[in-house]
Amino acid sequence: MTLQSVRKLNNIELSKIVDVSLKACAALLALVTLILTFTISDYYIFNRISEYGFIFAASQWIKKAGLLLILLAVFYKKKSCSDIAKYVLPVFVIISCFTFGKFFDITAVTENSTPNELIYTHINEFMPKAANMAFFFISNALYLVICAGLFVRDGYKVRGKSFIWLPFALTACMPLNIFENFFDISNFSRTDFLWFKNFTIWHFLAIVIVGGFTVGCYYFLKNKDRKLQDDFLAAAAITLLIQYHSKDSMIMGDGYNVYHTVFACIPLFICNIGVYVASISVIVKKKLLYAISFFVHAAGAVSVFVYFGKDDMSNFGIICSYSILYFCLTHCILFALSVLPSALGHYKFKMKDCVIPLAYYFGVIITASLASAIVSSASMEFSYGGHVLSEVLLPNYAFTQLNPLPFEMPMWKLTIWRYDLNALYILGLYAAYVGIFFVFNGLTYAFRAVRKAVLSRVGAKKEATGELALETAATEEEGAQNAIAADQPDRPENE
């Protein structure tokens, strides 16, 4: 074996080691950042920038965008993401190490906290300060190690056009509570024009956005090559997961909608599970996950835009508050990820594929019913500092406990520990959603049939038009030749 061959072999081995190390570190970084979302401080700073400092808040925001860039650079070999990560991220990671201030001492307790709020905080602040600090600095170390690895893998050369994608990454991972620096939600009542409720201009706008976003993504991607489509869907999935887990910290700090404890972070609401199923489906490209996403979660995501439930059950706030921005963004991406693989031809849904999704959804609704009843039962004994919780906790998968319809249903009592569930309502809920799933998929089939008929007619018309054009061109050419021949003088036959 020649020296050149040995060097080439060593380079290949080194490349494999670097690649495996990068993937291991990136996966560990994703896990650590997920754990950190279960701290109040993670998102608490973004609607209090004047209190915790613009520089530190900006560095934390850039690190969240950096997670998206790193995952795309490491697992999808996106050179532009690698360029941005290795030259931008280290600066802000280092800055965050020296500007954290009171970040690790953040608490939701104030001098005006009610007994219930004190109990919520006692539950939510389960992670010790030392653990919070340890995970924070471990994540920073992983950022720096991964950036160094990207230098080794991709070299020092960088393309200037790569940085065009930085604003897109920052926008995708924007902390949605950042707009609350500009208004005080307590100054707005439920009767205010900006308050989000059913059947208002804001409700109509949400429906338009979910459709427009999906259609826009389809037309952007339909003529792109398959790899670019896969990369785009993967980036959307990672963005969805990052934004979805922002809710963990928000629930424990400022609350999300009507939920205030970490128990509401358990992903048992149908759309919460859909976030994982739809995201994983476009990453691993498995038929079963595509089928569940398309049949169950597409209809589930869009159905909540049609009717949000009784207004007195919700507290979305004004249109630019965290709750409504989070809800609209995550459900838009969820719906798009559920339907785009089928629309783009990556997977063709057939009605026979609905058998497993139907069983899956039945399992989901039973699990959610049991879990929500157990959490509600346990909450009846929650106490702190001599105070007992004066209300029963209803986690966000309590759609199995609370009837969102404007009418009551007869009671078939099913007692789970200390909490009474309405078995008739749960069965009716399952049947209603199954009906929604079939209607949605039926409309999809109808749309495809109409589209196919229209395209066939247009194709036939174009074909007929093309044949007519050819005949016309041939006739015109023959006429021109005859005219030329007519203009020529008669010649002797022997010439």
Side-chain angles (χ1 to χ4, degrees), residues 29-30 33 37 42-43 45-49 54-73 76 78-89 91-93 95-96 143 159-183 202 205-206 208-221 224 228-229 231-250 275 278-279 282 318-337 340:
L29 174 63
T33 52
T37 65
D42 194 40
Y43 274 79
I45 62 172
F46 292 118
N47 58 354
R48 298 169 176 83
I49 291 177
F54 173 81
I55 293 176
F56 180 68
S59 68
Q60 290 296 97
W61 179 359
I62 291 171
K63 283 162 60 179
K64 293 187 181 301
L67 178 61
L68 170 63
L69 294 169
I70 280 175
L71 294 176
L72 291 173
Y76 291 87
K78 304 302 291 183
K79 182 66 165 61
S80 55
C81 296
S82 175
D83 290 344
I84 300 170
K86 64 191 183 186
Y87 279 102
V88 174
L89 264 179
V91 175
F92 291 94
V93 168
I95 287 174
S96 72
Y143 274 117
R159 300 173 301 180
K161 65 180 183 180
S162 294
F163 294 91
I164 294 173
W165 296 103
L166 178 57
F168 291 95
L170 289 171
T171 301
C173 299
M174 177 186 295
L176 299 177
N177 59 334
I178 200 167
F179 299 101
E180 295 176 9
N181 289 284
F182 307 108
F183 64 86
W202 308 119
L205 182 62
V208 171
I209 288 173
V210 71
F213 177 78
T214 305
V215 172
C217 289
Y218 169 75
Y219 279 103
F220 172 74
L221 291 173
K224 301 290 191 297
L228 186 59
Q229 290 177 353
D231 291 348
F232 179 90
L233 293 176
I238 296 169
T239 299
L240 175 58
L241 289 169
I242 291 172
Q243 290 290 4
Y244 169 74
H245 280 290
S246 70
K247 184 183 69 173
D248 305 337
S249 180
M250 288 298 301
V275 166
S279 298
V282 300
I318 63 174
I319 187 63
C320 53
S321 60
Y322 172 82
S323 289
I324 189 58
L325 291 177
Y326 163 85
F327 185 91
C328 288
L329 176 63
T330 54
H331 283 75
C332 276
I333 301 178
L334 172 58
F335 181 73
L337 287 179
L340 283 176

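- For Lys79, the salt bridge (Lys or Arg N to Asp or Glu O under 4.0 Å) criterion is met by Asp83, not counting sequence neighbours.
- His331 has its side chain out of reach of Phe335: every pair of non-hydrogen atoms, C-beta onward, lies at least 4.5 Å apart.
- Across Ser96 and Phe56, no two heavy atoms sit closer than the pair O-CE1, 3.7 Å.
- With Gln229 contributing its side chain and Lys224 its backbone, the two residues share a donor-acceptor pair below 3.5 Å.
- Separating the OG1 atom in Thr330 from the CD1 atom in Ile242 is a distance of 13.5 Å, to the nearest 0.5 Å.
- Under a 3.5 Å cut-off, the side chain of Ser249 and the backbone N or O of Tyr43 do form a donor-acceptor pair.
- Between Trp165 and Phe168, the ring planes lie tilted relative to each other; the angle falls in the 30° to 60° range.
- The two residues Val282 and Ser279 come nearest to each other via the heavy atoms CG2-O, 3.2 Å.
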Could you walk me through whether Phe163 and Tyr87 pass the ring-ring contact (aromatic ring centres under 6.0 Å, His included) check?
-> CA-CA 10 Å; Phe163 294 91; Tyr87 279 102; 7.0 Å; no
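- The backbone N or O of Met174 lies less than 3.5 Å from a partner atom in the side chain of Gln243, making a donor-acceptor pair.
- Using a 4.5 Å cut-off on side-chain heavy atoms (C-beta onward), Leu67 and Tyr143 make contact.
- Counted by atom type alone, Tyr322 and Ser246 present one or more donor-acceptor pairs between their side chains at under 3.5 Å.
- The distance from atom CD1 of Ile333 to atom CG of Leu233, rounded to the nearest 0.5 Å, is 11.5 Å.
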Full working for side-chain contact (heavy atoms from CB on, under 4.5 Å) between Leu89 and Leu69 = CA-CA 10 Å; Leu89 264 179; Leu69 294 169; 5.6 Å; no
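- Atom CD1 of Ile55 sits in a sparse spot, with 12 or fewer heavy atoms from other residues, nucleotides or ligands closer than 6.0 Å.
- Heavy-atom neighbours of Phe179 CZ from other residues, nucleotides or ligands within 6.0 Å: at or below the threshold of 12.
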side-chain contact (heavy atoms from CB on, under 4.5 Å) evaluation trace for Leu72 with Asp231 = CA-CA 8 Å; Leu72 291 173; Asp231 291 348; 6.0 Å; no
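- Using a 4.5 Å cut-off on side-chain heavy atoms (C-beta onward), Leu340 and Cys217 make contact.
- Cys81 is not listed as a side-chain neighbour of Tyr76, based on a closest heavy-atom distance of 4.5 Å or more.
- Annotation: side chain of Ser80 is in contact with side chain of Arg159 (closest heavy-atom distance under 4.5 Å).
- How far SG of Cys320 is from CG of Leu176: 11.5 Å, rounded to the nearest 0.5 Å.
- Contact of the Val275 side chain with the Leu337 side chain is not registered, since no non-hydrogen atoms from C-beta on lie closer than 4.5 Å.
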Checking side-chain contact (heavy atoms from CB on, under 4.5 Å) for the pair Tyr244/Leu334: CA distance, chi angles, key distance, verdict?
-> CA-CA 10 Å; Tyr244 169 74; Leu334 172 58; over 6 Å; no
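- Closest heavy-atom contact between Ser162 and Ile84: O-CD1, 3.2 Å.
- Here the CD1-OG distance, from Ile45 to Ser59, works out to 7.0 Å after rounding to the nearest 0.5 Å.
- With values rounded to the nearest 0.5 angstrom, Leu205 atom CG is found 6.0 Å from Ile319 atom CD1.
- Distance check: Cys173 SG to Lys63 NZ gives 13.5 Å after rounding to the nearest 0.5 Å.
- Using a 4.5 Å cut-off on side-chain heavy atoms (C-beta onward), Asp42 and Lys64 make contact.
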List the steps and the verdict of side-chain contact (heavy atoms from CB on, under 4.5 Å) for Phe46 and Met250.
-> CA-CA 10 Å; Phe46 292 118; Met250 288 298 301; over 6 Å; no
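- Partner of Leu68 under the side chain to side chain contact (heavy atoms under 4.5 Å, CB included) criterion, out of Leu170, Leu241, Thr239: Thr239 alone.
- A heavy-atom distance below 4.5 Å is found between the side chains of Ile178 and Trp61.
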